[in-house]
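Report on one structure; see the data block that follows.
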Amino acid sequence: MQLIEVVDRGTKKQFHQVPHIIYKNDPNWAAPLQGMVEGIFDPKKNKTFRNGKAIRWILIDDNGKLIGRIAAFINFNLAKTYEQPTGGCGFFECIDDQEAANLLFKAAADWNKENGMEAMDGPINFGENYVNWGLLVDGFMPQGFGMPYNPKYYEKLFREFGFEVYFEQYCFHLDYTVPFPERFWKIAGWVAKKPQYQFKHFDFKKADKFVKDFCEIYDAAWSFHEHYKPLDPDDLYDFLTESKAILDPEMIWFAYAEDKPIAMFVMIPDINQLLIKLNGKLNLPGILKFLYYKKKNVINRTRIFLMGVDPKYQRAGIESGIFWHQEQIMKKKSHQHYKEVELSWAGDFNPKIISIYEATGAKKAKTHYTMRYLFDRSKKVTKAPLIS
């Protein structure tokens, strides 16, 4: 077997071919758009390169056949927030062969060591954690947009190499054809109509204000977290620009208390239901297919990307108030046939958000693991601490 670094057009093409080999006969898999994946490894597009670095490889067997791939990366801002400097690996794909997997993992671990790291998390993203983050271990079904999908045997490959669970990630599914619990709506309606609160959905024409409000809420909601890092407004502008075709402004909400931003809610249509028909390519035929199926209302699922509340208001039921307002919008969109909402992802370190999801009547449908590999093999991984 031979590891080859991805450095040119040919090896980039092979990097994208590997998952098509692994998932050739898996109807649950939706090929991610190659352009979006390449953007993660482009310093001009991914701001994480400002204080980070990345590398990736493909793996071929003795006959020159592609059998695996992996990327390794370090966000030096994030790495310093852990007990031991921690890098990452991701975009792992491999045949069911432990020796092949070990070669890929070892390459990523050695590179992280050479760059001053003492541990490596995986499989994770080189950037924000709402996409490409975690190893699927339960709930092998079509994934929501941005949520990773993989074969069942991957868990064995990670564990046999020495990875241990750092935290668990849960996706809850809400059957939108079944009414929410009556008690939930009673509280939600009461909060939504309180005069001291205002609820507004996103408007591209007022993007500057909403980006500013988003950052303020984010800082308030997560600044106390052990591994918090401030949100870069430029990252938000890039996300809005790149995702304009899939975002629905009426699915992005902000809550205010006397004009102070206190909560946010971001939900998107699950475009994986379109991407599964495009084979990862958004060329001219792909664009035409995308527009055709979008018009045909193929999408009947949505995914909640992010929800955050200023801690001062976390016991005020603001989340339910947002759900109430979103429900009024969804009733108007009934022609689009939305039948399911994925609430994702909630870490096992965040019992508050899990309880909120459960209060809606949603059921836990998928579990992903964020796993950690300590280079000092005499040590055990300590699980992520609970958010108090």
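This structure is a prediction, so every number in the text was calculated from the model and none was measured. Hydrogens, waters and symmetry mates play no part in the numbers below; they use all other heavy atoms, side chains included. Sequential numbering from 1 along the given sequence is applied to the chain's residues.
I55 and V6 fall within the same hydrophobic cluster, where Ile, Leu, Val, Met, Phe, Trp and Tyr residues are linked whenever their side-chain heavy atoms come under 4.5 Å apart, directly or through other members. Residues M141 and Y23 do not share a hydrophobic cluster, defined by chaining ILVMFWY side chains whose heavy atoms lie under 4.5 Å apart.
The cationic group of K194 lies under 6.0 Å from the six-membered ring centre of W190 and within 45° of the ring axis, placing it in a cation-pi geometry. For the pair K200 and Y256, the cation sits on the ring face: its NZ or CZ lies under 6.0 Å from the ring centre, inside 45° of the axis. A cation-pi contact, defined as under 6.0 Å to the ring centre and within 45° of the axis, links R56 to F15.
Ion pairing between K364 and D138 fails under the 4.0 Å rule for side-chain N and carboxylate O. Of the charged side-chain nitrogens involved, at least one lies within less than 4.0 Å of a carboxylate oxygen, so that D96 and K156 count as a salt-bridged pair. For the pair D213 and K209, the salt-bridge criterion is met [side-chain N within less than 4.0 Å of a carboxylate O]. Between E342 and K366 there is a salt bridge, with a side-chain nitrogen of the basic residue lying less than 4.0 Å from a carboxylate oxygen of the acidic one. With respect to D270 and R303, no salt bridge is recorded, no charged nitrogen being found less than 4.0 Å from a carboxylate O. By the 4.0 Å N-to-carboxylate-O rule, K106 lies close enough to D110 to be salt-bridged with it.
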Please walk me through it: do Y170 and E168 pass side chain to side chain donor-acceptor pair (under 3.5 Å)? CA-CA 7 Å; Y170 306 130; E168 299 185 11; 2.7 Å; yes
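For the residue pair D310 / Q314, no side-chain donor-acceptor distance below 3.5 Å is found, with atom types taken as modelled.
Ring geometry for F41 versus F73: interplanar angle of 30 to 60°, hence tilted. Relative ring orientation between F163 and F161 is described as tilted, the plane-to-plane angle lying within the 30° to 60° band.
Considering D121, T370, N125 as possible partners of W133, the one that fulfils the side chain to side chain donor-acceptor pair (under 3.5 Å) test is T370.
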